[in-house]
Amino acid sequence: MANPLIHLLKPEPAHQLALWALRHGLGPRQQLDDPALRTRLLGRNLVNPIGLAAGAEKKAEALPGWRAMGFGMVEAGTVTLKARKGNPAPRLWRVPGQGVVNWMGLPGDGIGSFVTNLRAFHQHKARDELLLGASLASPDGDLGEFGELAERCAPWVDYLTLNASCPNVFHACENDPARTAKRQLEAVVRRAQEKPVLLKLGPSTDSAAIRLMVDAAMEAGAAGIVATNTLPWDKRELIGDNGFEWPRHEQQPVGGYSGAALLDITCFMASECRDQLGPDVPIIGVGGVQSGADAVRLLDAGANAIQLYTGLIYRGASLLKEIADAIVQHRG
Ligand SMILES: Cc1cc2nc3c(=O)[nH]c(=O)nc-3n(C[C@H](O)[C@H](O)[C@H](O)COP(=O)(O)O)c2cc1C
């Protein structure tokens with residue numbers, strides 16, 4: 001993930017190798033804890049507002065390694081109740097312009113081993129230094145499954161995120177996504193044992209549509225918003241012509257785009273959500289952050305903290321240091 005040699009591998013084996021290194025204490029180490037980076041979020045004091053986005057640490061298996069790399073926050077998952085193979089390979093493609101398209105389809109070992117890993121991390125000294133979230137999904141939109149996921153994860157994490165925007169699984173009631181998200185959030189909030197619950201939105205530049213989703217989230221008792229998830233093929237006009245052929249499976253375009261071209265959308269959404277929610281509701285900005293200037297721009301647009309994934313694939317851990325330095329300079 002950090003090493004240019006890793007790019008000689010296909011992206012999914014490269015990620016597995018990086019996770020193996022992190023699990024074995026062989027990942028990069030850096031302290032990004034300048035006092036100017038401290039951030040209050042979701043009732044906790046973060047050493048810095050730089051987060052690992054959902055999907056990079058699906059199984060919660062290398063949490064001390066991510067903390068050692070410098071992250072102040074990690075969103076583990078997305079976890080599903082049962083183990084899933086996900087979609088057939090290939091399902092992760094690097095695309096030009098520092099992007100990737102992923103069609104993973106929520107693979108994972110299921111909630112049992114995820115919670116075992118969360119419990120083990122609870123004993124670790126790094127636990128106190130990390131704001132830890134769990135991202136939850138039920139591929140069939142089953143409310144009972146959402147409730148069970150929330151109940152089993154809540155004791156071990158600081159917050160829960162409802163991933164109702166993954167483009168790689170079927171979503172029930174897509175014709176009324178706000179109503180669907182509201183019901184699913186209610187199911188999670190009810191069994192979250194007072195832990196804050198966030199809603200992760202998909203990319204949009206439609207103010208009215210964003211407003212509907214945010215209203216639904218607040219009515220359901222959500223504590224905040226994460227924006228944004230990857231961009232599906234049918235919304236590709238939002239990132240313009242990025243000069244790449246969209247990956248296909250059996251002739252059909254598949255997957256969701258993440259990377260540099262998302263940043264404008266992410267900043268727009270952070271600013272819309274901030275206008276709507278006022279100063280006190282937490283907003284985590286994610287999508288297209290690949291430099292220190294990008295992170296500062298997203299924080300200025302209204303995000304309390306940022307997350308990243310694709311930038312890490314292209315830039316490695318040096319990106320975190322660059323972001324930390326830029327925030328220190330900006331706040332100083
Ligand atoms: C390979 C891959 C897998 C992902 N899996 C998840 C996931 O399981 N849950 C989720 O909410 N987002 C997932 N995402 C989306 C990221 O969390 C993030 O929203 C998106 O990649 C935009 O940020 P970025 O441009 O910094 O990568 C995934 C992204 C990638 C690239």
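All ligand and atom numbering here is 1-based and tracks the order in the structure. The structure displayed is predicted, hence computed values, not measured ones.
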If I apply the N/O under 3.5 Å rule, does [X] come out as touching ligand 1?
X    : value
T310 : yes
G311 : no
L106 : no
Y309 : yes
V286 : no
N163 : yes

*For the atom pair CG (L106) and CZ (R84), what is the distance rounded to the nearest 0.5 Å?*
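The CZ atom of R84 is 5.5 Å from CG of L106, to the nearest 0.5 Å.
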Examine the proximity of ligand 1 to [X] and report which part, side chain or backbone, both or neither, has a heavy atom under 4.0 Å away.
X    : result
T78  : both
K58  : side chain
I313 : neither
V100 : side chain

_One pair to check against salt bridge (Lys or Arg N to Asp or Glu O under 4.0 Å): D280 and R274. What are the steps and the verdict?_
CA-CA 9 Å; D280 299 328; R274 182 55 70 214; over 6 Å; no
_Can you confirm whether more than 12 heavy atoms, excluding those of E237, are under 6.0 Å from its CD atom?_
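Correct, the count exceeds 12.
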*Taking it one step at a time, do R91 and E12 satisfy salt bridge (Lys or Arg N to Asp or Glu O under 4.0 Å)?*
CA-CA 8 Å; R91 54 192 188 174; E12 202 175 337; 2.8 Å; yes
Between the main-chain N or O of [Y] and the side-chain N or O of [X], is there a donor-acceptor pair closer than 3.5 Å?
X    : Y    : value
R315 : L312 : no
K58  : A76  : no
R152 : I111 : no

For ligand 1, which atoms, with element, lie under 4.0 Å from some heavy atom of [X]?
X    : value
N229 : 11 (O), 12 (N), 15 (C), 19 (O)
G259 : 25 (O)
G288 : 24 (P), 25 (O), 26 (O)
L92  : 1 (C)

*asked:* So for T228, does at least one of its heavy atoms come nearer than 4.0 angstrom to any atom of ligand 1?
replied: yes
salt_bridge([X], [Y]) N-O dist < 4.0 Å:
X    : Y    : answer
D215 : R211 : no
R191 : E148 : no
R44  : D128 : no

_Nearest option to atom 23 (O) of ligand 1, as decided by whichever heavy atom of A137, A227, G51, G287 sits closest_ = G287
_Selection from K200, R91, E12 by shortest heavy-atom distance to atom 11 (O) of ligand 1_ =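 Shortest heavy-atom distance from atom 11 (O) of ligand 1: K200.
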*Which residue, N48, V47, L46, forms the side chain to side chain contact (heavy atoms under 4.5 Å, CB included) with L37?*
N48
